[in-house]
Participant: 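Attaching a single structure in structure tokens format; questions to follow.
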Amino acid sequence: MGLLEGKRALITGVANERSIAYGIAKAFRREGAELAFTYAIEKLRPKVEEIAHQLGSRLVMKCDVTSDEDIKNVIQTLEKEWGFLDILVHSIAYAPKEEFKGGVIDTSREGFKIAMDVSVYSLIALTREALPLMEGREGSIITLSYYGAEKVVPHYNVMGIAKAALESTVRYLAYDIAKKGHRINAISAGPVKTLAAYSITGFHLLMEHTTKVNPFGRPITIEDVGDTAVFLCSHWARGITGEVIHVDNGYHIMGVFGREEDIKKEVFES
């Protein structure tokens, strides 16, 4: 019997098989969860439907998270089809591509508004609407963050600010929803080659650096994140809420010089 047997999960943010949300969905399905999916824009619909079919789901719904009406429609559909919800996966973040060029000093007012609305407020809006479907159950909510919320990552810019706000939102929501018996946590994942990642200038250099510096010397996979999400949404994690769990092969614990073998190599070869 899987860790999530009998649970029903809404997965947002799947774009293709490289998406972190796809890794989470696969792990959830493996552990027995029933899945529903959303897509943001029409051109993503065929791919999301294909993935849903692959994972045994027929529930695929449009959800532009800047639209309260879309969010309400998704929850109403789930209420009609399922009657209840156990898990919400919020894997949504966006800022206009031009906001990743230059520095934070170059952030436009409109770009800032968009980043905060899509990447942060959407978590509040989705949580609020989903709560009635979690009534009487041990609801669990997961969102995705990144190390750029804690430290400066060049060119991550306004998204780093948005992720910091997202992590704060997790803590405040944890306090609110605990009164109803539910939990919310964030996973701070290491860089993964997703569709969205390629909007960031110099992303390939970021991948090389974090892989070289982290203690294991290997990149993070969507499966790594998926397995952590399973744990956090299972009864085993019943005492964990409001946390930011790093799944980055330990990159966040390292100082500027990185692993010892790399330091020695640079010293002796220089």
Side-chain angles (χ1 to χ4, degrees), residues 1-16 19-94 117-144 169 173-174 176-185 226 229-230 232-235:
M1 184 174 177
L3 282 176
L4 302 181
E5 199 72 39
K7 293 186 180 292
R8 289 173 169 170
L10 174 63
I11 312 289
T12 69
V14 173
N16 54 37
S19 300
I20 290 177
Y22 174 67
I24 294 173
K26 277 200 309 177
F28 279 10
R29 184 59 182 159
R30 183 195 69 219
E31 297 298 327
E34 190 174 352
L35 308 177
F37 295 85
T38 68
Y39 62 91
I41 54 176
E42 195 61 33
K43 75 174 185 178
L44 291 176
R45 180 176 182 172
K47 191 61 182 178
V48 177
E49 287 180 335
E50 178 187 324
I51 287 170
H53 179 73
Q54 171 194 329
L55 297 177
S57 173
R58 61 180 180 80
L59 278 174
V60 179
M61 300 157 284
K62 179 181 180 297
C63 188
D64 172 359
V65 292
T66 65
S67 166
D68 290 332
E69 182 180 358
D70 270 17
I71 293 173
K72 289 179 185 294
N73 287 341
V74 166
I75 299 304
Q76 287 172 1
T77 300
L78 290 179
E79 183 176 22
K80 178 181 177 182
E81 295 289 333
W82 282 353
F84 65 87
L85 182 68
D86 298 286
I87 300 168
L88 167 63
V89 175
H90 174 272
S91 184
I92 299 169
Y94 175 77
D117 187 11
V118 177
S119 310
V120 185
Y121 184 75
S122 61
L123 177 62
I124 297 172
L126 282 164
T127 298
R128 182 173 58 242
E129 294 301 323
L131 285 182
L133 288 186
M134 294 180 172
E135 190 71 34
R137 308 183 72 82
E138 290 183 358
S140 184
I141 300 166
I142 294 289
T143 189
L144 276 300
T169 299
L173 285 176
D176 285 349
I177 70 176
K179 300 167 187 175
K180 299 179 180 295
H182 310 312
R183 300 181 296 108
I184 181 170
N185 293 288
V230 166
L232 287 173
C233 292
S234 75
H235 187 64

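Heavy-atom basis, side chains included; hydrogens, waters and symmetry copies ignored. Starting from 1, each residue takes its place in the sequence as its number.
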Participant: Shortest non-hydrogen contact from Thr38 to Cys63?
Facilitator: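 Heavy-atom minimum between the residues: CB-CB, 3.8 Å.
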Participant: So, for Ala33 and Arg29, which heavy atoms are closest and what is the spacing to 0.1 Å?
Facilitator: O-NH1, 3.1 Å
Participant: Compare all side-chain heavy atoms of Leu144 with those of Ile24 and state whether any distance is below 4.5 angstrom.
Facilitator: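 The answer is yes; the side chains approach within 4.5 Å.
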Participant: Drop me the distance from Asn16's CG to Leu44's CG, to the nearest 0.5 angstrom.
Facilitator: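 Rounded to the nearest 0.5 Å, the CG-CG separation comes out at 8.5 Å.
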Participant: Which atom pair, heavy atoms only, marks the closest approach of Lys7 to Asp86?
Facilitator: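 For Lys7 versus Asp86, the nearest heavy atoms are CA-OD2, 3.2 Å.
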Participant: Answer yes or no: is there a side-chain heavy-atom contact under 4.5 Å between Leu78 and Leu59?
Facilitator: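 With C-beta onward as the side chain, the pair touches.
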Participant: Indicate the atoms forming the closest heavy-atom contact of Ala25 with Leu55, along with that distance.
Facilitator: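 Taking every non-hydrogen atom into account, CB-CD1, 3.7 Å.
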Participant: Would Lys72 and Glu69 satisfy salt bridge (Lys or Arg N to Asp or Glu O under 4.0 Å), going step by step from the backbone distance to the final call?
Facilitator: CA-CA 5 Å; Lys72 289 179 185 294; Glu69 182 180 358; over 6 Å; no
Participant: Looking only at heavy atoms, what is the nearest atom pair of Gly32 and Glu5, with distance?
Facilitator: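 In this case the closest contact between Gly32 and Glu5 is CA-OE1, 3.6 Å.
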Participant: Check whether any side-chain heavy atom of Thr143 lies under 4.5 Å from a side-chain heavy atom of Thr169, and answer yes or no.
Facilitator: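 No, too far: nothing below the 4.5 Å cut-off.
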Participant: Just how far is it from atom OH of Tyr39 to atom CG of Asp64, taken to the nearest 0.5 Å?
Facilitator: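 Output value for this atom pair is 11.0 Å.
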Participant: Could you tell me the separation between the CG atom of Leu131 and the CG atom of Leu88, rounded to the nearest 0.5 Å?
Facilitator: 9.0 Å
Participant: Mind checking side-chain hydrogen bond (donor to acceptor under 3.5 Å, both in side chains) for Arg183 and listing every partner two or more places apart, or none if nothing turns up?
Facilitator: none
Participant: With rounding to the nearest 0.5 angstrom, report the CD1 to CG distance, Ile124 to Leu173.
Facilitator: 5.5 Å
Participant: Under 6.0 Å from the NZ atom of Lys43, do we count more than 12 heavy atoms belonging to anything else shown?
Facilitator: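 Incorrect, the count does not exceed 12.
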Participant: Using atom types as modelled and distance alone, determine if a side-chain donor or acceptor of Ser19 lies under 3.5 Å from a backbone N or O of Ala21.
Facilitator: no
Participant: Tell me, yes or no, whether the heavy-atom count around Glu79 atom CD, taken from other residues, nucleotides or ligands under 6.0 Å, exceeds 12.
Facilitator: no
Participant: Looking at every non-hydrogen atom in both residues, tell me the closest pair between Leu126 and Ile92 and how far apart they are.
Facilitator: CD1-CD1, 4.2 Å
Participant: Any side-chain heavy-atom pair from His182 and Thr127 closer than 4.5 angstrom?
Facilitator: no
Participant: I need the Arg128 CZ to Asp68 CG distance, nearest 0.5 Å.
Facilitator: 7.0 Å
Participant: Atom CG of Leu123 and atom NE2 of His90: how far apart are they, to the nearest 0.5 Å?
Facilitator: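 Result: 5.0 Å between the selected atoms.
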Participant: So, using side-chain hydrogen bond (donor to acceptor under 3.5 Å, both in side chains) as the criterion, who are the partners of Glu34 when residues are at least two apart?
Facilitator: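 Only Arg8, Trp82 meet the side-chain hydrogen bond (donor to acceptor under 3.5 Å, both in side chains) criterion with Glu34.
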Participant: Using only atom types and a distance under 3.5 Å, with no angle test, would you say the side chain of Glu31 pairs donor to acceptor with the backbone of Leu3?
Facilitator: yes
